[in-house]
Amino acid sequence: MVRFLIRKLPSLVFVLLASSIVAFALPRLAPGDVAVTLAGADPTAANIAAIRQQLGLDRPLVIQYADWMAGLLQGDLGQSYLLRRSVASLIGDRLGSTVELAALATLLVIAIGTALGVVVGSVRSGWARAGLDLVNSVLVAVPSFVTGLGLILVFGVLNRWLPVSGEVAFLDNPVIGFQFLILPAIALALPPAAVVARLLQAEMLVARNEDYVDLALSKGASGARITIRHVLRNSVGTAVVAVGLQVGNLLAGAVIIEAIFNRNGLGQLAVSSVQTRDFTVLQVLILAVVFVAVICQILTEMILAALDPRITLGA
């Protein structure tokens, strides 16, 4: 495992370096200027120029990027232009909300995706399989924000069963926190779960045609035992890879879901940073998403190797 991580280190560094360039350049390609926002109503050209000089925005972009990277290597994420607070403290204040949402959504992706994939991959009736395939296709096609609005309408407007706006920290009050968390987590998890289910279903249908399944049938093994011990066990690697690939989608979808359900997480911070052209916050958030996605990919390979002894790390 140590050798595997060492071999992965150069590619990790390269991806993060390339991503840092994109994260630095992308916000600056958008129209608008943070100096204009800070200058207030009816700013003069002199005021805007003075603010740009004070913030260091008048320096060449290469120098600004080099200073930002030097700060990152020293653990300094920078300071928000508008809020005059460190980016680390801004992220720290909102990190818990997004972690709670992403963690529960990931668990739901695993549970729903595995359950739906096993059912569709095991059912023998053509009509039942067609119906389940239709449900799966709808879940894949419908965006998470549409699902979220539907959940709000059903559970918060027509039937006031669950809160649909705001949040309570799960650690402060698990019962109330879960009530605020469940609807956005479901909305965020359903499309990725459907993707996991479809990949698992396809792999299980292939596995059912293998010789070891026929051998188990000839020995009188029950259908449930064959599905769990043989088919699912040899197909679960696909589900693991699919879950790892969906982490990026979960983080991207959290931006919209947090806005719909009025959660004060990193997604809301990213939206406000885009609106106010607060580059220093936005570029750190972009780089953090890439870092998390890359780490999840490495963990996926390690979990896959642990589940399947035929797979060697790095092979």
Side-chain angles (χ1 to χ4, degrees), residues 23 26-27 30 90-91 93-113 115-117 132-170 176-199 242-278 281-282 285-286 288-290 292-293 296:
L26 194 60
L90 289 173
I91 293 177
D93 290 344
R94 300 175 182 239
L95 182 61
S97 175
T98 300
V99 168
E100 289 178 358
L101 178 60
L104 182 56
T106 301
L107 293 177
L108 290 175
V109 168
I110 296 172
I112 298 173
L116 186 58
L132 291 171
D133 278 337
L134 177 61
V135 172
N136 200 16
S137 299
V138 171
L139 293 179
V140 172
V142 176
S144 59
F145 70 88
V146 175
T147 305
L149 292 175
L151 292 174
I152 290 174
L153 179 63
V154 174
F155 293 96
V157 178
L158 299 179
N159 304 284
R160 298 182 179 275
W161 293 337
L162 291 170
V164 296
S165 180
E167 63 181 299
V168 172
F170 184 81
I176 303 300
F178 183 78
Q179 293 177 8
F180 277 93
L181 190 61
I182 185 61
L183 290 184
I186 291 175
L188 185 59
L190 283 181
V195 174
V196 172
R198 176 153 293 182
L199 293 175
V243 171
L245 293 175
Q246 293 304 312
V247 171
N249 292 336
L250 288 176
L251 295 175
V255 175
I256 301 175
I257 293 300
E258 287 182 356
I260 291 176
F261 288 90
N262 195 28
R263 293 183 61 85
N264 193 29
L266 295 181
Q268 285 281 56
L269 180 61
V271 171
S272 64
S273 300
V274 171
Q275 294 172 341
T276 58
R277 306 296 187 270
D278 204 345
V281 177
L282 189 58
L285 291 175
I286 295 174
V289 169
V290 175
V292 171
C296 287

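Treat the numbers as computed from the prediction; the structure is a model and nothing was measured.
- Using modelled atom types, one side-chain atom of R277 and one backbone atom of V274 make a donor-acceptor pair closer than 3.5 Å.
- Partners of I176 under the side chain to side chain contact (heavy atoms under 4.5 Å, CB included) rule, at least two apart in sequence or in another chain, are V168, N173, Q179, F180.
- Atoms CG and CD1, from L26 and I286 in turn, are 5.0 Å apart once rounded to the nearest 0.5 Å.
- The nearest pair of heavy atoms linking L139 to A194 is CB-CB, 3.5 Å.
- Residues meeting the side chain to side chain contact (heavy atoms under 4.5 Å, CB included) test with E167, sequence neighbours left out: S97, R263, N264.
- Each of L183, I256, L188, L101 was scored for a side chain to side chain contact (heavy atoms under 4.5 Å, CB included) with F261, with one residue passing: L183.
- From L151, atom CG reaches atom CG of L190 across 7.0 Å, with rounding to the nearest 0.5 Å.
- Residues in residues 98-111 take part in these side chain to side chain donor-acceptor pair (under 3.5 Å) pairs, two or more places apart or across chains: T98-E258.
- Distance check, rounded to the nearest 0.5 Å: CD1 of I152 to CG of L158 gives 12.0 Å.
- With sequence neighbours excluded, the residues forming a ring pair (Phe, Tyr, Trp, His ring centres under 6.0 Å) with F155 are W161, listed by chain and number.
- Of all non-hydrogen atoms in V281 and S273, the two that sit nearest each other are CG1-OG, 3.2 Å.
- Residues satisfying the side chain to side chain contact (heavy atoms under 4.5 Å, CB included) test with V154, not counting sequence neighbours, are N159.
- For N262, the side chain to side chain contact (heavy atoms under 4.5 Å, CB included) criterion is met by S165, Q268, not counting sequence neighbours.
- When all heavy atoms of T147 and A187 are compared, the pair lying nearest together is CG2-CA, 4.0 Å.
- At least one side-chain heavy atom of L269 sits under 4.5 Å from a side-chain heavy atom of S272.
- The shortest non-hydrogen separation linking A270 to L282 is O-CD1, 4.1 Å.
- The heavy-atom pair separating V140 from V195 by the smallest distance is CG2-N, 4.0 Å.
- When all heavy atoms of A193 and L108 are compared, the pair lying nearest together is CB-O, 4.5 Å.
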